[in-house]
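Everything below concerns the one structure shown next.
In this text, all values refer to a predicted model and were calculated from it rather than measured experimentally. In what follows, chains carry the letters A, B, and so on, assigned in the order in which the sequence lines appear, proteins first and then strands, with residues in each chain numbered from 1.
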Amino acid sequence: MRIVTWNVNSLNARIDRVEAWIGAASPDILCLQETKMTDEAFPHDRFAALGYEAAHFGEGRWNGVAIVSRVGLDEVRSGFADGRDDSDPDARVLWATCSGVRVASCYVPNGREVDHDHYRYKLDWLGRLHDDLAANTQPDSDPVVVVGDFNVAPDDRDVWDPKELEGSTHVTEPERQALGRLVALGFVDVFRERFDSGGLYSWWDYRGGAFYKRMGMRIDLIYASAPAAAAVDFVLVDRNERKGEKPSDHAPVIADFALA
DNA sequence: ATGGTCGATCCTCGA
């Protein structure tokens with residue numbers, strides 16, 4: 001089972017590339033982030049023509065997440081289930097069960113600047129994700145795969161220059177500890193499990209020629225519960241997809257699971 | 001690879 005996470009930075013702008021990439025990479029479950037569209041505008045027909053059904057949670061201008069699957073799409077739920085009355089105003093997480101695997105497609109808040117309200121929102125959001133997983137999944141016994149644009153680089157190997165970035169968002173201790181709490185629940189960063197090396201990224205800023213200078217971050221992550229992580233047999237960041245005409249600023253991250 | 005923000009919106013903001 002091939003599961004992919006890809007922040008497409010507008011599905012309207014990217015649909016032709018997404019369609020072509022599906023043809024080449026043949027994912028079973030494709031989780032998208034930053035679709036930047038309403039549910040009404042989501043191009044279900046384009047995916048149906050390729051043999052996929054899709055669930056989308058969007059608001060229009062910003063954010064927006066989707067799960068596109070050819071192996072079933074059940075128990076779809078958007079947002080968090082904690083019943084908090086300050087419910088998230090943004091469309092940032094979508095859940096579905098696909099062929100027995102509980103899947104979450106996440107677009108974690110960027111944070112903007114440390115000491116910004118958005119940074120506190122980011123930490124709170126990651127806490128809610130942790131609590132939702134703790135309350136509603138059994139990662140010790142069940143296959144659960146939580147993917148997306150986490151907007152956090154898990155450690156210094158995941159950024160081009162830790163010294164230059166010190167103290168800025170994506171690398172602060174509280175953000176990394178928030179990911180650490182997911183790991184403590186039993187979730188494994190399947191890319192890092194497989195590759196020790198730094199310099200392997202999933203996002204490169206459009207500005208300043210960051211991609212060709214190899215100045216990126218690994219912030220698009222695939223977290224798998226122990227039963228799923230044990231079944232991983234292939235992991236790849238498809239950095240070729242960052243090249244060419246009208247790329248997203250993120251590359252797709254692929255993990256293959258030897259699951260039925 | 002022969003270059004050097006982009007996307008959505010409304011001309012600026014978010015990433």
- Can you tell me if the side-chain N/O atoms of Arg61(A) get under 4.0 Å from OP1 or OP2 in dG7(B)? no
Whole-Å gap separating [atom2] ([N]) and [atom1] ([X]):
X	N	atom1	atom2	result
Arg14(A)	dA15(B)	CZ	C1'	13 Å
Asp205(A)	dT5(B)	CG	P	10 Å
Asn110(A)	dG7(B)	CG	C1'	15 Å
Trp203(A)	dG7(B)	CH2	C1'	15 Å
Lys36(A)	dG7(B)	NZ	P	8 Å
Met215(A)	dT5(B)	CE	P	12 Å
Tyr121(A)	dG14(B)	OH	P	13 Å
Glu34(A)	dA8(B)	CD	P	10 Å

- Check whether the ring centres of Trp125(A) and Phe80(A) lie less than 6.0 Å apart, and answer yes or no. yes
- For the ring pair Trp160(A) and Trp204(A), is the centre-to-centre distance below 6.0 Å? no
- Out of Arg218(A), Arg176(A), Arg194(A), Arg157(A), which one pairs with Asp189(A) under the salt bridge (Lys or Arg N to Asp or Glu O under 4.0 Å) rule? Arg218(A)
[M] and [N], which share atom name [atom1], separated by this distance in whole Å:
N	M	atom1	value
dG14(B)	dC10(B)	P	13 Å
dC6(B)	dC11(B)	C1'	15 Å
dA15(B)	dT9(B)	C1'	15 Å

Checking all strands, does [X] fall into the base, sugar-phosphate, or nothing category for heavy-atom contacts under 4.0 angstrom?
X	answer
Phe211(A)	nothing
Lys246(A)	sugar-phosphate
Asn12(A)	sugar-phosphate

- Nearest-nucleotide 5' precedence on DNA chain B, Gly60(A) against Pro109(A): Gly60(A)
- On DNA chain B, check which nucleotide each of Asn151(A) and Gly209(A) is closest to and give me the residue with the more 5' one. Gly209(A)
- Query: In terms of the angle between their ring planes, are Phe42(A) and Phe47(A) parallel, tilted or perpendicular, with boundaries placed at 30° and 60°?
  - Reply: parallel
- Query: Is the Phe191(A) ring parallel, tilted or perpendicular to the Phe195(A) ring (thresholds 30°, 60°)?
  - Reply: tilted
Nearest to the side chain of [X] - [options]?
X	options	result
Arg207(A)	dG7(B), dT5(B), dT9(B)	dT5(B)
Arg92(A)	dA15(B), dT9(B), dG7(B)	dA15(B)
Tyr206(A)	dG14(B), dA15(B), dT5(B)	dT5(B)

- Query: Would Tyr212(A) pass as stacked on dG4(B), i.e. its ring centre under 5.5 Å from the base's six-membered ring centre and planes under 30° apart?
  - Reply: yes
- Message: Just so I know, are the side chains of His170(A) and Ile219(A) near enough to count as touching, which here means a heavy-atom distance under 4.5 Å?
- Response: yes
